[in-house]
K.L.:
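I have a structure here, written as structure tokens, and I will follow up with some questions on it.
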Amino acid sequence: MNQPLAGFAPAPVTARMENHGNHMLKVAMQSGSDLYARVGSMVAYEGFVQYEPNPSAVRQIARDWITGEGAPLMKCSGDGLLYLADYGADVVVINLNGDAISVNATNLLAFDAHLTWGVERVKGLAKFAGQGLWNTKISGQGWVALTSRGKPIVVDCGGGEDETYVDPDALVAWSPNLKVKGKRSFKAQSLIGRGSGEAYQMAFSGTGIVVVQPSEDSTDRLRVRG
């Protein structure tokens, strides 16, 4: 290999999912271990990998994505190495060990097909239409990959009485056992978020984490790959 390019070669496989740099996901595909991934996220693959866009199982579970809160998924199966990316966004890999995580659908890159998942309405935000009322909850034993517009921060809510406030457009994921409510602020409207009118925040409390990206551009959430 040309020496200047040698440093970009893939590293030996050590896990089902792992990062190749900050902006690409490498998945070790094996027959019988299918994967759901964002449609259009495949950038390269080695071996024999097949793709089924919008499979029936996804259509049944993700019917609420017709509201525009999510993005289509494809089913990936076969043997080889699969590389995924999403417009150069940072990729965050999570190994669920019987745990669960709630993810904004537009930040969901890929996850093991055997995991339990579903699209849910976020409780406590009924009065805040248009502020990300739907999320994807994933649980079980397996791998999940998220995207973030820049290096994210993981905030530990600590389980105390204090609440953690997040701009909805900067929210990536959170522990599903956290309590969530909406907060409207008039005084902060020029300081929080990039929209006009009232400023909205999501308030989290309880024991768990919140993943926040350094981007408040709501247009990120409106892009759907074809």
K.L.:
Going from CZ on F111 to CD1 on I138, what distance comes out if it is rounded to the nearest 0.5 angstrom?
P.N.:
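Answer for the CZ-CD1 pair, F111 versus I138, is 5.0 Å.
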
K.L.:
If you look at every heavy atom in V154 and V211, which pair is closest and at what distance?
P.N.:
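That would be CG2-CG2, 4.2 Å.
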
K.L.:
What I'd like to find out is whether the side chain of M29 reaches to under 4.5 Å of the side chain of C76, using heavy atoms alone.
P.N.:
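They are in side-chain contact.
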
K.L.:
For D86 and S41, test the side chains for any donor-to-acceptor distance below 3.5 angstrom and give the result as yes or no.
P.N.:
no

K.L.:
Inspect the surroundings of CD in Q141 and state if more than 12 heavy atoms from other residues, nucleotides or ligands are less than 6.0 Å away.
P.N.:
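Check passes, neighbour count above 12.
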
K.L.:
Is there a path of hydrophobic side-chain contacts, each under 4.5 Å between heavy atoms of I, L, V, M, F, W or Y residues, that connects L84 with V39?
P.N.:
yes

K.L.:
Using the rule given for side-chain contact (heavy atoms from CB on, under 4.5 Å), can you reason through L178 versus S205, listing the C-alpha separation, both sets of side-chain angles and the distance that settles it, and then say yes or no?
P.N.:
CA-CA 6 Å; L178 290 173; S205 60; over 6 Å; no

K.L.:
For A105, does its backbone N or O pair with a side-chain atom of R38 as donor and acceptor, under 3.5 Å?
P.N.:
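It does hold such a pair.
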
K.L.:
Run the side-chain contact (heavy atoms from CB on, under 4.5 Å) check on F204 and Y165 step by step: do they pass?
P.N.:
CA-CA 6 Å; F204 295 87; Y165 298 94; over 6 Å; no

K.L.:
Do the side chains of M17 and L25 get nearer than 4.5 Å, heavy atoms only?
P.N.:
yes

K.L.:
Hey, mind stepping through V91 and L146 against side-chain contact (heavy atoms from CB on, under 4.5 Å) and telling me if it holds?
P.N.:
CA-CA 6 Å; V91 175; L146 314 178; over 6 Å; no

K.L.:
Out of N135, N177, T136, which one pairs with S102 under the side chain to side chain donor-acceptor pair (under 3.5 Å) rule?
P.N.:
N135

K.L.:
To the nearest 0.5 Å, what is the distance between CZ (F8) and NE2 (H20)?
P.N.:
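F8 CZ to H20 NE2: 8.0 Å, rounded to 0.5 Å.
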
K.L.:
Considering only heavy atoms from C-beta outward, does the side chain of V172 approach that of Q213 to under 4.5 Å?
P.N.:
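When only atoms from C-beta onward are counted, Q213 and V172 do touch, with a gap below 4.5 Å.
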
K.L.:
Roughly how far, to the nearest 0.5 Å, is CG of N22 from OG of S148?
P.N.:
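Nearest 0.5 Å value for the OG-CG distance: 10.5 Å.
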
K.L.:
Which pair of heavy atoms, one from S139 and one from L115, lies closest together, and at what distance?
P.N.:
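That closest heavy-atom pairing would be O-CD2, 3.4 Å.
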
K.L.:
Taking all atoms of both residues into account, what is the closest heavy-atom pair of N95 and G142, and its distance?
P.N.:
OD1-O, 3.3 Å

K.L.:
Please tabulate, for the side chains in residues 42-52, all donor-acceptor contacts under 3.5 angstrom to protein atoms that are two or more places apart in sequence or on a different chain.
P.N.:
none

K.L.:
Using the rule that Ile, Leu, Val, Met, Phe, Trp and Tyr join whenever any side-chain heavy atoms are under 4.5 Å apart, tell me whether I209 and L96 fall into a single cluster.
P.N.:
yes

K.L.:
Tell me which pairs pass salt bridge (Lys or Arg N to Asp or Glu O under 4.0 Å) where either residue lies in residues 16-25, with sequence neighbours left out.
P.N.:
R16-D112, E18-K26

K.L.:
Measure the CG-CG distance between N19 and D90 for me, rounded to the nearest 0.5 Å.
P.N.:
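Rounded to the nearest 0.5 Å, the CG-CG separation comes out at 8.5 Å.
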
K.L.:
V27 and side-chain contact (heavy atoms from CB on, under 4.5 Å): which single residue from L81, L82, V93 fits?
P.N.:
L82

K.L.:
Is any NZ, NE, NH1 or NH2 atom of the basic residue among K75 and D34 found under 4.0 Å from an Asp or Glu carboxylate oxygen of the other?
P.N.:
yes

K.L.:
Cluster question for you: counting only ILVMFWY and a side-chain heavy-atom cut-off of under 4.5 Å, with indirect links fine, are V144 and M24 together?
P.N.:
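In one cluster with V144: M24, no.
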
K.L.:
Got a salt bridge between D169 and R149, using NZ or NE/NH1/NH2 to carboxylate O under 4.0 Å?
P.N.:
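Judged by the 4.0 Å cut-off on N to carboxylate O distance, D169 and R149 do not form a salt bridge.
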
K.L.:
Are any of the side-chain nitrogens in E163 or K181 under 4.0 Å away from the carboxylate oxygens of its partner?
P.N.:
yes

K.L.:
Would you say L35 and W143 make side-chain contact, with heavy atoms under 4.5 Å?
P.N.:
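With C-beta onward as the side chain, the pair stays apart.
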
K.L.:
Would L108 and W117 satisfy side-chain contact (heavy atoms from CB on, under 4.5 Å), going step by step from the backbone distance to the final call?
P.N.:
CA-CA 12 Å; L108 184 58; W117 69 286; 5.8 Å; no

K.L.:
Indicate the atoms forming the closest heavy-atom contact of T164 with C157, along with that distance.
P.N.:
OG1-SG, 3.7 Å

K.L.:
Give me the atom names and distance for the closest heavy-atom approach of A28 to A15.
P.N.:
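Shortest heavy-atom contact: CB-O, 3.9 Å.
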
